[in-house]
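Just below is one structure, and these are the notes that go with it.
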Amino acid sequence: MTTTSAPATRSHTRTATRPLLTCVVTATPLWAAVALSQAALREGFDITRHPLSALSNGSLGWLQITDFLVVGALLAVGATGLRRALLGTPGGTWAPRLVRVAGVGMIAAGVFVMDPADGFPAGTPYGQPTTLTWHSYAHFAAGSVTFLSLIAACFVLGRHFGRAGDRRYALLSRVGGTALVLGNGWAMGGGTAGTLTLAVGVITAMLSISLIANHLRSTR
């Protein structure tokens, strides 16, 4: 009977982990490229007044919906790579779980589309709707889960790298989490251009996680 040696098993696990980490690495560039290009080109969209989620409305809304679904799936699947790479280390259990929850939250945000508002898509009355549909409430709930999970994942990763003595990635993680806390807090408080600060916070948090996944991929 043929048996597989432990070194061969570990080698196979490392080989299988790299593509999973690549999913997390590519998530942020894809999200930012699709969302920001639409923000710049779609008629009536103003990133200082409209959240990126609003891009799911209109005739081209399928582009942003697909962005949510694909990027969410990349994070949810790629979290397995983070779990393998961080196995047995501080934060090695919770950081991958939180990234997976963030991915599932993004998928839900793509399934449940927020209501048109404040002049977007073009032809929509200015101002906020007097009532919201159930799927708009579901979208906001999914967004809240995603934001909180990304924030927590960043700070858990910051603790991981801090305890490992890697100040650069500890700082990167904490900057990502802090940016989203501040960006979301400013937006929720009704601050000027809050949708812009929220977009910057989300992309910064996601970027920090993608850069960390790339670091873990290169060190395996």
Side-chain angles (χ1 to χ4, degrees), residues 24-75 102-103 105-133 135-151 153-154 172 175-211:
V24 182
V25 172
T26 58
T28 304
L30 177 59
W31 167 259
V34 174
L36 296 181
S37 61
Q38 291 184 83
L41 297 174
R42 289 187 62 182
E43 181 184 0
F45 188 87
D46 181 352
I47 198 170
T48 66
R49 293 192 299 112
H50 303 122
L52 293 175
S53 292
L55 293 165
S56 295
N57 288 293
S59 60
L60 294 176
W62 64 270
L63 287 170
Q64 188 60 21
I65 292 172
T66 303
D67 196 23
F68 273 120
L69 298 178
V70 172
V71 173
L74 288 173
L75 290 176
M106 291 191 76
I107 292 171
V111 171
F112 303 109
V113 178
M114 68 177 292
D115 296 330
D118 203 17
F120 185 82
T124 301
Y126 285 91
Q128 299 301 318
T130 55
T131 58
L132 296 177
T133 59
H135 52 81
S136 193
Y137 281 115
H139 178 88
F140 294 143
S144 296
V145 169
T146 301
F147 300 155
L148 291 173
S149 298
L150 287 173
I151 291 167
C154 285
L172 174 66
V175 166
T178 301
L180 184 47
V181 168
L182 295 177
N184 187 49
W186 183 257
M188 293 300 100
T192 304
T195 51
L196 175 59
T197 65
L198 176 59
V200 171
V202 170
I203 292 174
T204 303
M206 289 178 63
L207 180 60
S208 69
I209 293 172
S210 287
L211 290 173

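Since the structure is predicted, the reported quantities are computational estimates derived from the model, not experimental observations.
With sequence neighbours left out, Ser208 forms a side-chain hydrogen bond (donor to acceptor under 3.5 Å, both in side chains) with no residue at all. In this structure Thr66 satisfies the side-chain contact (heavy atoms from CB on, under 4.5 Å) test together with Trp62, Val70, sequence neighbours excluded. Under the side-chain contact (heavy atoms from CB on, under 4.5 Å) criterion, Phe140 pairs with Met114, Leu132, Ser136, sequence neighbours left out. Here Ser56 pairs with nothing under the side-chain hydrogen bond (donor to acceptor under 3.5 Å, both in side chains) rule; sequence neighbours left out. Partners of Ile151 according to the side-chain contact (heavy atoms from CB on, under 4.5 Å) rule, which considers only residues two or more places apart in sequence or in another chain, are Phe155, Leu180, Val181. Ala179 meets the side-chain contact (heavy atoms from CB on, under 4.5 Å) test with Thr204; sequence neighbours excluded. For Ser210, the side-chain hydrogen bond (donor to acceptor under 3.5 Å, both in side chains) partners at least two apart in sequence or on another chain are Thr28. Judged as a side-chain hydrogen bond (donor to acceptor under 3.5 Å, both in side chains), and not counting sequence neighbours, the contacts of His139 are Ser53.
Among residue pairs with one or both ends in residues 106-124, those qualifying as side-chain hydrogen bond (donor to acceptor under 3.5 Å, both in side chains) are Arg49-Asp118, Asp115-Thr133; sequence neighbours excluded. Listed by first and then second residue, the side-chain hydrogen bond (donor to acceptor under 3.5 Å, both in side chains) pairs that reach into residues 176-190 come to none, sequence neighbours excluded. Listed by first and then second residue, the salt bridge (charged side-chain N to carboxylate O under 4.0 Å, His left out) pairs that reach into residues 175-188 come to none, sequence neighbours excluded. Applying the salt bridge (charged side-chain N to carboxylate O under 4.0 Å, His left out) test to residues at least two apart or on different chains, none of the pairs has a partner in residues 183-199.
In this structure the side chain of Asn57 reaches within 4.5 angstrom of the side chain of Val113, judged on heavy atoms.
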